[in-house]
Protein chains: 2
Amino acid sequence: MLSGKFAITIHILTLLNKFPNDYLSSEYIAGSMNLNPVLVRKEIANLKAHHIVESKEGKNGGTKLAVDSSKLTLKEIFEMTFETIGLGYAKNQPNPDCPVGKKINQNLDALYAEMNQKVSTQLEKISLEDFSNQF
Amino acid sequence: MLSGKFAITIHILTLLNKFPNDYLSSEYIAGSMNLNPVLVRKEIANLKAHHIVESKEGKNGGTKLAVDSSKLTLKEIFEMTFETIGLGYAKNQPNPDCPVGKKINQNLDALYAEMNQKVSTQLEKISLEDFSNQF
DNA sequence: CATACTGTAATAAAATATGTTACAAATGTA
DNA sequence: TACATTTGTAACATATTTTATTACAGTATG
């Protein structure tokens, strides 16, 4: 399922990478993205669970990169944000008495799996540092 | 933007390919997918606009493939359903005073364009006939 | 001990996707 | 001709998902 999670997460990480010595507050990050700070904190919670960032509570607290940005790839970010590439499914359970209906989702799954593989292969070649250097 | 359009469309086309000599009704197709016939007709309208199918109104009417299924690729279906691969954008306009905010969408666009290219290259290798033969 | 943060839950609002109803127009057939 | 069946399409309704807001307990700093 698609959403802005990947985009938000990569934006956060790019900012953190630009200020590697500071703890940035969610308020500050949200300001750069024009987004609600709570949403930023939610994505940061996810990054923390994956040990990509560390954060400090309390006054002057905030978040900071905890890994080497040249070693973190966009593929990992993609996976951490639970994203997958796909072109959807007919939402309803297709008719199991129809030979097409019975196997359609299975065949779409296989197709989407191949697509994910291709995309992953490509995202794996790009590090956070690479991405960040474009700015 | 993602939705089930691609999945619905490919299901319709697979069915039409299985019965190349019949005009299938939207009611029948919808039955195989367990979906509302109006939604099927909407996707068919799109297929008609691209001259992939032809349909006949009135009694005993329905829809029928109008192209050679060995020549129609999944890439074309992908493009006809207006789908693109992407990992989203932070929905709000990012802050233009921030060097990251100012360029983030542009850089994401470039990344997604590459991803689309990879996926298209792969989908181009698969014809409707190939897909249909899996059933 | 006041202040400025994080963390998180609960709720609300907005956007998007899906489903339904309705009906005019077309076409085959009794 | 009259009837039944089907497409085409618009208008509306519902459901689902995303995004935003509010609220507040807990934690560190000075």
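Residue numbering restarts at 1 for every chain, and letters A, B, ... go by the order of the sequence lines.
- When side chains are defined from C-beta on, Lys5(A) does not count as touching Ile8(A), because their heavy atoms never get closer than 4.5 Å.
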Would you give me the side-chain donor-acceptor pairs under 3.5 Å for residues 51-68 of chain A, sequence neighbours excluded?
residue  : atom : partner  : partner atom : Å
Glu54(A) : OE2  : Tyr23(A) : OH           : 3.1
Asp68(A) : OD1  : Ser70(A) : N            : 2.9
Asp68(A) : OD1  : Ser70(A) : OG           : 2.8
Asp68(A) : OD2  : Ser70(A) : OG           : 3.4
Asp68(A) : OD2  : Lys71(A) : NZ           : 3.4

Where do N or O atoms of nucleotides 8-13 of chain C meet protein N or O atoms at under 3.5 Å, pair by pair?
residue : atom : partner  : partner atom : Å
dT8(C)  : O4   : Arg41(A) : NH2          : 3.3

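- A 4.5 Å side-chain heavy-atom check between Ile44(B) and Thr9(B) finds every atom pair outside the cut-off.
- Distances shown here put a side-chain N or O of Lys48(A) below 4.0 Å from the OP1 or OP2 atom of dG7(C).
- Summarising the geometry, the separation between CD on Glu27(A) and C1' on dA20(D) is reported as 14 Å, rounded to the nearest angstrom.
- For the pair Glu54(A) CD and dT6(C) C1', the computed distance is 14 Å after rounding to whole Å.
- Distances shorter than 4.0 Å separate none of the side-chain N or O atoms of Ser25(A) from OP1 or OP2 on dC5(C).
- Ring pair Tyr28(A)/Phe19(A) is perpendicular by interplanar angle, where above 60° counts as perpendicular and below 30° as parallel.
- Leu39(A) places its CG atom 15 Å from the P atom of dA14(C), with the value rounded to the nearest Å.
- As rounded to whole Å, 15 Å separates atom C1' of dC5(C) from atom CG of Asp22(A).
- Atom CD1 of Ile44(A) is separated from atom P of dT6(C) by 7 Å (rounded to the nearest Å).
- Remark: P of dT18(C) and CZ of Phe6(B) are 15 Å apart, rounded to the nearest angstrom.
- For Thr63(B), no side-chain nitrogen or oxygen approaches OP1 or OP2 of dT7(D) to under 4.0 Å.
- For the pair Lys64(B) NZ and dT6(D) P, the interatomic distance rounds to 18 Å; values are reported in whole Å.
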Check: protein-nucleotides 25-30 of chain C nitrogen or oxygen pairs below 3.5 Å:
residue : atom : partner  : partner atom : Å
dA26(C) : O4'  : Glu57(B) : OE1          : 3.0
dT27(C) : O2   : Lys59(B) : N            : 3.1
dG28(C) : O3'  : Asn60(B) : ND2          : 3.2
dT29(C) : OP1  : Asn60(B) : ND2          : 3.4

| task | Under the side chain to side chain donor-acceptor pair (under 3.5 Å) rule, what do Thr14(B) and Asn17(B) come out as? Steps first, then yes or no, please. | result | CA-CA 5 Å; Thr14(B) 302; Asn17(B) 188 237; over 6 Å; no

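- Within 6.0 Å of the CD atom in Gln134(A), the count of heavy atoms belonging to other residues, nucleotides or ligands exceeds 12.
- The heavy-atom pair separating Val40(A) from Met33(A) by the smallest distance is CG2-SD, 4.3 Å.
- Scanning all heavy atoms of the two residues, the minimum distance from Val38(A) to Asn36(A) falls at N-OD1, 2.9 Å.
- When rounded to the nearest whole Å, the span between CG of Leu24(A) and C1' of dC5(C) equals 13 Å.
- Around CD of Gln117(B), the count of heavy atoms belonging to other residues, nucleotides or ligands within 6.0 Å does not exceed 12.
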